[in-house]
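Heavy atoms only: backbone and side chains are in, while hydrogens, waters and symmetry mates are out. These figures come from a predicted structure and were not determined experimentally.
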Amino acid sequence: MSAVEASIIHTFAPRRSKIANPGPLGLFSFASTTLILSLYNVHARGIDTPNVVVGMALFCGGLAQLLAGMWEFATGNTFGATAFTSYGAFWLSFATLLIPASGVGAAYKASENPAQEVDAIAIYLTSWMVLTFLFFLASLRKSVGLTALFFCLTATFMVLAVGEYIHDDGIIKTGGVFGIITAAIAYYCGLAELLTDDDLFTMPLGKYASRMA
């Protein structure tokens with residue numbers, strides 16, 4: 001092979017890019033936004049209006065997590081890509097519900113039955129409970145940390161949905177407690193993913209034993 005041919009092959013050969021692990025970004029973004037909303041759900045410091053979470057839901061839980069999902073696609077991690085992209089979309093959609101200019105809330109207030117908004121939100125939460133349960137099933141061979149995360153998140157959506165269906169603020173507060181637990185687990189998983197053997201210490205995620213052939 002001539003030097004010219006070698007140069008052409010080098011120039012046009014596909015370049016391999018080393019993409020950093022996007023998992024910590026996705027998990028921390030999810031955890032922080034979930035923690036804030038869950039604290040509002042339990043009425044921490046007497047707060048019962050959650051609209052401050054809109055900024056977090058748009059840019060941290062939404063955009064940052066969506067980007068983490070896109071980068072997971074590039075790394076070949078189908079589970080991470082699907083989960084981060086899905087929950088990034090969730091937070092963007094949730095923020096939309098709280099933005100007056102979206103017209104969502106105004107449409108219900110202008111209807112003949114404004115109370116139906118609560119049931120509509122319950123159905124919205126139920127659909128996310130179903131999707132999260134599917135992620136829980138898919139996580140059963142990933143790690144103990146991820147399994148615990150999706151189990152608690154499924155419970156969070158379920159309890160919040162029930163609270164909306166029966167219009168019980170006490171149950172919604174319980175959902176907030178589950179959300180706080182979920183956020184704590186997500187923080188743990190994110191830190192476990194962030195720390196490597198080059199750091200001062202590492203944290204186990206609880207790997208499952210390899211499946212026998």
Over 12 non-hydrogen atoms of neighbours within 6.0 angstrom of [atom1] in [X]:
X	atom1	value
Phe90	CZ	yes
Phe133	CZ	no
Tyr108	OH	yes
Phe151	CZ	no

If you define the side chain from C-beta out and look only at heavy atoms, does anything of [X] sit under 4.5 Å from [Y]?
X	Y	result
Thr132	Thr156	no
Leu35	Ile180	yes
Ile121	Glu117	yes
Leu205	Glu193	yes
Phe157	Leu153	yes
Tyr188	Ile185	no
Val54	Ile99	yes
Ser102	Leu97	no

Gln116 backbone acceptor or donor facing Asp119 side chain under 3.5 Å: no
Looking at Thr147 and Ser139, would you say the former's side chain and the latter's main chain have a donor-acceptor pair under 3.5 Å? yes
Roughly how far, to the nearest 0.5 Å, is [atom2] of [Y] from [atom1] of [X]?
X	Y	atom1	atom2	result
Cys60	Leu25	SG	CG	8.0 Å
His43	Asp48	NE2	CG	5.5 Å
Phe84	Leu67	CZ	CG	12.0 Å
Thr202	Leu191	OG1	CG	10.0 Å
Phe59	Ser29	CZ	OG	13.0 Å
Thr82	Tyr87	OG1	OH	11.0 Å

Ignoring hydrogens, what is the shortest heavy-atom contact between [X] and [Y]? Give both atom names and the distance.
X	Y	value
Phe30	Gln65	CB-OE1, 3.5 Å
Ala83	Phe135	CA-CZ, 3.6 Å
Thr33	Gly61	OG1-N, 3.1 Å
Met56	Ser32	CE-CB, 3.7 Å
Leu160	Ile172	CD2-O, 3.5 Å
Gly176	Asn41	CA-CB, 3.8 Å

Applying side chain to side chain donor-acceptor pair (under 3.5 Å) to Tyr40 and Thr49, what does each step give before you reach the verdict? CA-CA 7 Å; Tyr40 294 162; Thr49 303; over 6 Å; no
Let's go through Trp71 and Thr75 carefully: what are the C-alpha distance in whole Å and the side-chain angles of both, what is the deciding distance for side chain to side chain contact (heavy atoms under 4.5 Å, CB included) to 0.1 Å, and is it a yes or a no? CA-CA 6 Å; Trp71 286 319; Thr75 66; 5.6 Å; no
Between [X] and [Y], is there a shared hydrophobic cluster once you connect ILVMFWY residues whose side-chain heavy atoms come closer than 4.5 Å?
X	Y	result
Met129	Leu137	yes
Leu125	Val118	no
Val177	Leu37	yes
Met70	Phe79	no
Val130	Met158	yes

Mind running side chain to side chain donor-acceptor pair (under 3.5 Å) on Thr182 and Thr34 for me, showing each step along the way? CA-CA 8 Å; Thr182 300; Thr34 300; over 6 Å; no
One pair to check against side chain to side chain contact (heavy atoms under 4.5 Å, CB included): Ile171 and Val159. What are the steps and the verdict? CA-CA 7 Å; Ile171 293 179; Val159 175; 3.7 Å; yes
Determine, step by step, whether Tyr165 and Ile123 satisfy the side chain to side chain contact (heavy atoms under 4.5 Å, CB included) criterion, reporting the C-alpha distance in whole Å, the side-chain angles of both residues, the deciding distance to 0.1 Å, and the verdict. CA-CA 8 Å; Tyr165 277 124; Ile123 292 173; 3.6 Å; yes
